[in-house]
Amino acid sequence: MDVLGATPTRNLALELARVTEAAAMMAGRFMGRGDKEGADQAAVNAMRLILGTVDMNGIIVIGEGEKDKAPMLFNGEIVGNGLKPDVDVAVDPIDGTRPLAFGRSNSLAMVAVAPRGTMFDPGPFLYMNKIAVGPESKGRINIEKSITENLHAVAKAKGKAVEDLTTIILDRPRHDDMVAEIRKAGARIRQIPDGDVAAALMTARGDSGVDVLFGVGGTPEGVITACALRAMGGEIQGKLYARDEDELRRGREAGYNFDQVLTMDDLVSSEDVFFATTGITDGELLKGVRYYGDHITTDTLVVRGLTGTVRQIRATHTTNKLENLSAIRY
């Protein structure tokens, strides 16, 4: 697919691994220190620095707010070294700032890239109702059907009884009715405090034990998840979620359709996508950063849409050599 004559042809995901590794190594120093702002600033500084070395002309579509929120990586910011290809970029320097600040699990640094004009821009509307599954259940889900109907569809696709399925959902009061329906249907439930990107990706990892994600989470995270699941063979569907009548009114006035089912193609309309994520704190998807004085170890998941290649990279970084080459101190 040629988007504005700028289709990526090399594996940018391997370069993006350097971006998320740097962010994770900087942010990991803040584990348990209760300083969310300091951790986010450290991750942003590292991510911005390494993004500037990547051969691409990128525009941040999914960032951390508008330009007046700088020094965060803001929506509309130009990143990369200015060379082709022309791409959309989605960043989340820390997915799970609160877990990191309090020394809890499943904090990740992540970035996704797709050809220019192919990523969904949610604008100011931050929440989305989602359902996500792995490869075996792709094409079987429908967010407009009930949770019970979707559970039966997933069970049939995976050759299981509904009682054998494990669902995953954010532990939020807004999900009380969903949880009640899952319980009535007989499926198992894992309620998590944060991190629905990692949770969605676990549905596509056969050894995770997770079959399906339900619930309302971040719209930006939904776009990033779609980029990753493109390569991992899974599927996500979503619908924009208004928190109140005023947000619904403003969204409709701005041209957003809260009744539209956002498919994978709506969230990212190209197969030529790249995604990388590095563990900051330990989680079931990835291990967190480890510090050993003279070296640091990281655990990174790297995926490429065109080939469907999924790599897990466990890297050892020699501290003094890194610092001789970098403007930041790891």
Side-chain angles (χ1 to χ4, degrees), residues 92 95-99 102 104-108 110 122 125-138 140-158 160-226 228-229 232 234-243 258 261-264 267 277 281-286:
D92 198 344
D95 180 45
T97 310
R98 182 172 56 181
F102 294 101
R104 297 170 186 159
S105 61
N106 290 318
S107 181
L108 301 165
M110 57 184 66
F125 302 103
L126 299 179
Y127 288 91
M128 173 194 293
N129 189 22
K130 309 172 191 176
I131 178 172
V133 292
E136 293 170 297
S137 305
K138 183 178 180 180
R140 306 294 185 91
I141 57 172
N142 185 340
I143 198 169
E144 295 201 291
K145 292 186 176 181
S146 70
I147 284 178
T148 302
E149 289 173 300
N150 277 295
L151 286 171
H152 281 280
V154 171
K156 183 177 181 180
K158 303 194 81 167
K160 295 182 177 184
V162 169
E163 292 77 9
D164 295 332
L165 295 179
T166 298
T167 66
I168 195 163
I169 189 168
L170 288 170
D171 186 6
R172 301 288 188 273
R174 62 178 177 259
H175 293 151
D176 287 349
D177 289 344
M178 292 185 183
V179 168
E181 185 174 351
I182 295 168
R183 286 173 175 164
K184 185 175 180 181
R188 290 150 39 100
I189 305 173
R190 287 191 52 193
Q191 291 182 279
I192 55 174
D194 296 280
D196 69 343
V197 177
L201 300 192
M202 285 167 63
T203 68
R205 303 280 277 180
D207 58 352
S208 74
V210 174
D211 297 294
V212 55
L213 170 137
F214 291 109
V216 176
T219 306
E221 289 82 358
V223 176
I224 293 174
T225 299
L229 288 180
M232 299 175 77
E235 181 180 7
I236 182 171
Q237 293 179 10
K239 295 178 77 171
L240 291 177
Y241 176 85
R243 290 170 290 180
F258 288 80
V261 174
L262 297 169
T263 65
M264 295 273 283
L267 294 170
T277 182
T281 60
D282 282 347
E284 291 172 87
L285 187 67
L286 295 167

**Message:** Using the side-chain contact (heavy atoms from CB on, under 4.5 Å) definition, which of the options Glu221, Lys239, Arg243 pairs with Tyr127?
**Reply:** Arg243

**Prompt:** Between Arg174 and Val216, is there a donor-acceptor pair closer than 3.5 Å when you use the side chain of the first and the backbone of the second?
**Reply:** yes

**Item:** Under 3.5 Å: donor-acceptor pair, side chain of Thr281, backbone of Ser107
**Value:** yes

**Complete:** NZ (Lys138) and CE (Met232) are apart, to the nearest 0.5 Å, by 12.5 Å

**Gap between atom CD1 of Ile182 and atom CZ of Arg188 - 0.5 Å precision** = 13.0 Å

**Request:** To the nearest 0.5 angstrom, please state how far the OG1 atom of Thr219 sits from the CG atom of Leu262.
**Result:** 8.0 Å

**Prompt:** Below 4.5 Å, heavy atoms only, C-beta onward: do Asp92 and Val197 meet side chain to side chain?
**Reply:** no

**Fill in**
d(Asn150 CG, Leu165 CG) to nearest 0.5 Å is 11.0 Å

**Prompt:** Do Val162 and His152 come within less than 4.5 Å of each other through their side chains, counting heavy atoms only?
**Reply:** yes

**Request:** Look only at the side chain of Asp211 and the backbone of Thr166, and say whether a donor-acceptor pair between them is shorter than 3.5 Å.
**Result:** yes

**Item:** With Phe214, the side-chain contact (heavy atoms from CB on, under 4.5 Å) member among Ile189, Ile168, Leu151
**Value:** Leu151

**Request:** Could you tell me which non-hydrogen atom of Ser105 sits nearest to which non-hydrogen atom of Gly283, and how far apart they are?
**Result:** CB-CA, 4.5 Å

**Asked** Is a side-chain donor or acceptor of Ser137 paired with a backbone partner of Gly134 at a separation under 3.5 angstrom?
**Response** no

**Message:** To the closest 0.5 Å, what do you measure between NZ (Lys145) and CD (Gln237)?
**Reply:** 10.5 Å

**Worked verdict on Asn129 versus Met178 for side chain to side chain contact (heavy atoms under 4.5 Å, CB included)** = CA-CA 11 Å; Asn129 189 22; Met178 292 185 183; 3.4 Å; yes

**Prompt:** Sub-3.5 Å donor-acceptor pair from the side chain of Thr167 to the main-chain atoms of Leu213, do we have one?
**Reply:** no

**Message:** When you compare the side chain of Met264 with that of Ile236, does any pair of heavy atoms fall below 4.5 Å?
**Reply:** yes

**Message:** Quick check: do Met202 and Asn106 have side-chain heavy atoms less than 4.5 Å from each other?
**Reply:** no

**Residue list, ring pair (Phe, Tyr, Trp, His ring centres under 6.0 Å) with Phe258, at least two apart or on another chain** = Phe125

**Request:** For residues Arg104 and Pro193, determine if any side-chain heavy atom of one lies less than 4.5 Å from a side-chain heavy atom of the other.
**Result:** no

**Prompt:** Any salt bridge (Lys or Arg N to Asp or Glu O under 4.0 Å) pairs touching residues 194-208, not counting sequence neighbours?
**Reply:** Arg98-Asp194, Lys130-Asp196, Arg172-Asp194

**Prompt:** From Leu201 CG over to Leu108 CG, what is the distance, rounded to the nearest 0.5 angstrom?
**Reply:** 8.0 Å

**Closest heavy-atom pair and its distance - Asp95, Gly195** = OD2-CA, 4.0 Å

**Message:** Could you walk me through whether Glu136 and Lys160 satisfy the salt bridge (charged side-chain N to carboxylate O under 4.0 Å, His left out) test, starting with their C-alpha distance in whole Å, then the side-chain angles of each, then the deciding distance to 0.1 Å, before giving a yes or no?
**Reply:** CA-CA 12 Å; Glu136 293 170 297; Lys160 295 182 177 184; over 6 Å; no

**Minimal non-hydrogen separation, Arg183 against Gln191, with atom names** = NH2-OE1, 4.1 Å

**Message:** Could you check whether any side-chain heavy atom of Ile192 comes within less than 4.5 Å of a side-chain heavy atom of Leu170, counting everything from C-beta outward?
**Reply:** yes

**Item:** Closest non-hydrogen atom pair, Leu267 against Ala226
**Value:** CB-CB, 3.7 Å

**Item:** Exceeds 12 heavy-atom contacts within 6.0 angstrom, atom CG of Asp176
**Value:** yes

